[in-house]
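Working notes, structure below.
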Amino acid sequence: MIKNRGIAMSLKEAALKVRENAHAPYSNFKVGAAVRTPSGEVFAGCNVENVAYPEGTCAEAGAIAAMVAAGENKLAEVYVVASSPQPVPPCGGCRQKLAEFGGKDVVVTMATVDGVETRTTIGDLLPGAFDASFM
């Protein structure tokens with residue numbers, strides 16, 4: 001669990017803090033993401049660029065990987081923040097990753113570093129998501 005002076009951080013605080021660690025030397029577009037699980041644990045991730053662009057990792061994917069590495073596998077809430085004029089939605093691949101671990105009603109807050117926020121759900125971000133029921 002991510003803590004700040006022994007107190008659990010909010011999703012917003014965790015996403016803003018981890019965003020500063022992003023490795024974005026090519027685009028200078030730093031993104032931070034934090035996820036909360038039903039148990040209350042908070043996991044964060046930032047984007048990690050690679051000179052071979054397709055090999056980079058999105059912030060949402062990093063947060064989900066940290067969650068899974070810690071033994072958790074369900075999302076209760078998501079927060080994504082970037083320095084942009086408007087809140088930036090997760091890319092298509094990350095929408096599918098969010099749908100893998102969260103129900104359609106899980107709230108996703110997209111934000112700017114200036115505090116503009118937009119809330120939606122995983123279901124609204126990815127209607128008709130491919131899931132295990134198709135297999």
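Just so we're clear, the structure is a prediction, and the values are computed from it rather than from any experiment.
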Practice prompt. Locate the shortest heavy-atom distance separating A34 from A14; write the atom from each residue and the value.
Written response: CB-CB, 3.9 Å
Worksheet item: Would you say V81 and V116 are hydrophobically clustered, going by side-chain heavy atoms of ILVMFWY under 4.5 Å?
Response: no
Item to complete: Search all heavy atoms of P89 against all heavy atoms of R95 and return the closest pair with its distance.
Response: CB-NH2, 3.3 Å
Worksheet item: Going hydrophobic residue to hydrophobic residue with side-chain gaps under 4.5 angstrom, can you get from V48 over to V68?
Response: no
Worksheet entry | Candidate pair E72 and V35, rule side chain to side chain contact (heavy atoms under 4.5 Å, CB included), full reasoning | CA-CA 11 Å; E72 299 263 6; V35 299; over 6 Å; no
Worksheet item: Going through the checks in order, is the side chain to side chain contact (heavy atoms under 4.5 Å, CB included) test met by F29 and V88?
Response: CA-CA 11 Å; F29 189 73; V88 176; 3.9 Å; yes
Discussion item. If you compare all heavy atoms of A129 against all heavy atoms of F134, which two are closest, and at what distance to 0.1 Å?
Written reply: O-CE1, 3.5 Å
Discussion item. As an exercise, state the distance from CE of M67 to CD of E41, rounded to the nearest 0.5 Å.
Written reply: 11.5 Å
Item to complete: Verify whether one side chain among D131 and S133 offers a donor that lies under 3.5 Å from an acceptor in the other.
Response: yes
Item to complete: Give me the other members of the hydrophobic cluster that V18 sits in, counting Ile, Leu, Val, Met, Phe, Trp and Tyr linked by side-chain heavy atoms under 4.5 Å, directly or via other members.
Response: none
Discussion item. Can you give me the closest heavy-atom contact between F130 and Q96, atom names plus distance?
Written reply: O-NE2, 2.8 Å
Item to complete: Flag the pair V113 / R19 as yes when at least one side-chain heavy-atom distance between them is below 4.5 Å, and no otherwise.
Response: yes
Practice prompt. Find the distance between CZ (R119) and CG (D124) and round it off to the nearest 0.5 Å.
Written response: 14.5 Å
Practice prompt. Could you tell me how the ring of Y26 sits relative to the ring of H23: parallel (under 30°), tilted (30 to 60°) or perpendicular (over 60°)?
Written response: perpendicular
Worksheet entry | Nearest heavy-atom neighbours spanning N28 and E49 | N-OE2, 4.5 Å
Fill in: Single hit among E117, K12, R36 for side-chain hydrogen bond (donor to acceptor under 3.5 Å, both in side chains) with Y79
E117
Discussion item. Working to the nearest 0.5 angstrom, can you tell me the gap between S10 OG and L16 CG?
Written reply: 8.0 Å
Discussion item. Could you measure the distance from the CG atom of L125 to the CE atom of M110? Nearest 0.5 Å is fine.
Written reply: 5.5 Å
Worksheet entry | Shortest non-hydrogen contact from A44 toward A66 | O-CB, 4.1 Å
Item to complete: Kindly indicate whether the side chain of C58, heavy atoms from C-beta on, has any atom under 4.5 Å from the side chain of N47.
Response: no
Item to complete: Not counting sequence neighbours, which residues clear ring pair (Phe, Tyr, Trp, His ring centres under 6.0 Å) with Y53? List them please.
Response: none
Discussion item. Can you tell me which residue among V80, T121, V78 is in a side-chain contact (heavy atoms from CB on, under 4.5 Å) with L98?
Written reply: V78
